[in-house]
Amino acid sequence: MISTFIFFHSFLFLYILSTPSSCSSFLSGIETGDLEKRGDLFPQILRDEAVARLVELGKVSDANDYLERTFLSPATTRAINLIRKWMEDAGLRTWVDQMGNVHGRVEGANANAEALLVGSHMDTVVDAGKFDGALGIVSAISALKVMHVNGKLQNLTRPVEVIAFCDEEGVRFQTTFLGSGALAGILPATTLEIPDKRNVTVKDVLKENSIEAAEEMFLQLKYDPKSVWGYVELHIEQGPVLEQVGFPLGVVKGIAGQTRLKVTVRGSQGHAGTVPMSMRQDPMVAAAEQIVLMESLCKHPEEYLSYDGRCSGSSIKSLSSSLVCTVGEISTWPSASNVIPGQVTYTVDIRAIDDLGREAVIYDLSNRIYQICDKRSVSCVIEHKHDAGAVICDPELSSQLKSAAYSALKRMEGDIQDEVPTLMSGAGHDAMAMSHLTKVGMLFVRCRGGISHSPQEDVLDDDVWAAGLATLSFLENL
Ligand code: GLV
Ligand code: MN
Ligand code: MN
């Protein structure tokens with residue numbers, strides 16, 4: 001396996017593929033008073049209202065003290081109603097599909113033309129920030145609202161459909177893209193039987209929401225590729241690059257592939273005070289050893305993955321520049337301080353821009369996990385919960401998005417010397433699932449400190465404005 005993967009991986013994973021020549025703090029804290037007087041920049045809709053909506057949506061949570069919205073939870077139902085209301089306010093025809101995705105569509109001047117789909121996700125991680133997913137939905141609606149209030153929706157050269165996807169984070173069922181995957185036609189019917197931690201299945205949740213789900217539902221949800229022109233997603237960067245180069249917007253060149261595993265380690269449950277150390281079969285220490293091994297493998301894959309000498313090993317080295325591995329969730333049974341656990345379960349999230357490299361890591365890691373279990377006389381089961389290959393964004397769409405970003409920034413700033421940066425995404429996006437249906441393109445928006453999946457997530461109001469204006473420019477030049 002390794003020898004094959006070496007040949008495919010000759011490029012270096014560079015986060016910044018092209019960056020502006022200067023590091024000016026572009027649009028951060030500029031005097032916006034003069035800009036606001038200009039009628040063509042629509043700050044009331046694209047900045048003030050968009051920011052207020054992000055704040056409002058950020059309060060729609062299933063928890064009292066932090067933001068959490070998972071697949072079709074009560075808070076998600078409230079979010080659906082809110083987003084639908086905003087779509088209607090932008091002059092869009094709306095509906096909610098059988099998976100709980102919210103759609104808002106306008107036909108424009110050519111109802112029979114292939115549609116542009118624009119969107120992002122409305123679900124969140126646990127203790128989330130308010131921009132991840134929401135920014136893409138709100139910016140698209142705001143840009144269309146500007147066209148609506150200016151009587152220009154009918155000038156759109158093709159139908160435009162905004163979609164707020166129901167599940168991108170995969171928090172509840174571990175499998176991600178329940179919404180975009182259904183529309184792209186990549187979900188198997190067995191998806192309905194996936195259980196959450198309380199053994200409630202996707203089908204049960206749909207039923208609780210008055211949706212009788214059956215296999216045929218997936219056929220109905222799948223979009224006909226011939227009816228779709230492309231998919232565009234705007235998203236916060238969730239990393240530090242744009243802030244570092246001092247630019248509010250960037251074009252995404254590609255998205256890293258990802259795999260999620262669930263590892264269950266079973267040992268011999270016993271009394272913490274009586275079982276001698278030499279007689280234990282403790283799944284907790286086995287899991288601990290496996291997790292530390294995983295960190296080491298993912299930091300230095302070149303020290304673990306063997307190769308056959310035909311290549312220099314630079315391919316494996318290049319893998320390490322994008323490879324990231326995380327254990328984000330761990331649970332033990334029965335979870336008491338005076339009990340040697342009987343079972344430990346943990347998740348592994350592995351990502352790399354290089355699919356064969358990621359597969360090689362999973363293969364090697366799995367073998368080593370089993371070896372540790374053997375050595376410690378405990379049993380291991382490794383389940384694959386999610387797999388998504390890396391995606392390269394469509395070059396033509398990317399270049400249109402680059403022009404839109406450039407023209408938006410130029411409209412705000414007057415003149416720009418620098419090129420809009422191009423970067424890779426380590427985070428997963430609905431665009432990955434949508435790439436199975438149509439060409440995809442993405443724009444990133446700078447976020448403070450590169451922080452995401454945290455309540456500290458933040459985006460400057462003026463960057464929200466730039467994002468809306470770039471979306472508007474893109475739509476105007478479709
Ligand atoms: C989604 O945010 C992911 O990359 O996990
Ligand atoms: Mn996220
Ligand atoms: Mn996201």
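Order of listing sets the numbers, starting from 1, for every ligand and every atom in it. Since we're looking at a predicted model, the values are computed, not measured.
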- Task: Give the atoms of ligand 1, by number and element, whose distance to some non-hydrogen atom of Ala427 is under 4.0 Å.
- Result: 4 (O)
- Message: Under 4.0 Å from a heavy atom of Glu168: which atoms of ligand 1 are those, numbered in the order shown and with their elements?
- Response: 1 (C), 2 (O)
- Atom of Leu46, atom of Leu41 and distance for their closest heavy-atom approach: CD1-O, 3.8 Å
- Query: For ligand 1, which atoms, with element, lie under 4.0 Å from some heavy atom of Glu169?
  - Reply: 1 (C), 2 (O)
- Query: So, the side chain of Glu295 versus the backbone of Ile291: is there a donor-acceptor pair under 3.5 Å, distance only?
  - Reply: no
- So the angle subtended at the Mn ion (ligand 3) by His121 atom NE2 and Asp132 atom OD1, rounded to 10 degrees, is 90°
- Take Lys385 and Glu329 through the test salt bridge (Lys or Arg N to Asp or Glu O under 4.0 Å) and record every step on the way to the result. CA-CA 14 Å; Lys385 290 292 185 183; Glu329 201 181 329; over 6 Å; no
- Message: So that I can check it, does any N, O or S atom in Glu168 come closer than 2.8 Å to the Mn ion (ligand 3)?
- Response: no
- Would you find a donor on one side and an acceptor on the other, under 3.5 Å apart, between the side chain of Glu237 and the backbone of Leu242? yes
- Query: Among protein heavy atoms, which lies nearest atom 5 (O) of ligand 1, and at what distance?
  - Reply: Arg351 NH2, 2.6 Å
- Query: By atom name, which N, O or S atom of His453 is the nearest to the Mn ion (ligand 2)?
  - Reply: NE2
- Message: I'd like to know: is the Mn ion (ligand 3) within the 2.8 Å range of an N/O/S atom from His429, strictly under that distance?
- Response: no
- Dump the intermediate steps for salt bridge (Lys or Arg N to Asp or Glu O under 4.0 Å) on Lys439 and Glu396, then the final yes or no. CA-CA 9 Å; Lys439 61 183 178 184; Glu396 207 179 320; 5.2 Å; no
- Tell me whether the centres of the aromatic rings in Tyr231 and His429 are closer together than 6.0 Å. no
- Query: N/O of Gly428 under 3.5 Å from N/O of ligand 1, yes or no?
  - Reply: yes
- Message: So is Arg260 touching ligand 1 or not, going by heavy atoms under 4.0 Å?
- Response: yes
- Message: Polar contacts were defined as any N/O atom of the residue lying under 3.5 Å from an N/O atom of the ligand; does this apply to Asp349 and ligand 1?
- Response: no
- Query: Does His453 come within less than 4.0 Å of ligand 1, judged by its heavy atoms?
  - Reply: yes
- Note on the structure: To the nearest 0.5 Å, atom NZ of Lys197 lies from atom OG of Ser331 at 7.5 Å
- Message: Would you call the rings of His103 and Tyr223 parallel, tilted or perpendicular, taking 30° and 60° as the class edges?
- Response: parallel
- Item | Side-chain donor-acceptor contact under 3.5 Å, Gln400 with Asn477 | no
- Closest approach to the Mn ion (ligand 2) by Glu169, given as the N, O or S atom name: OE2
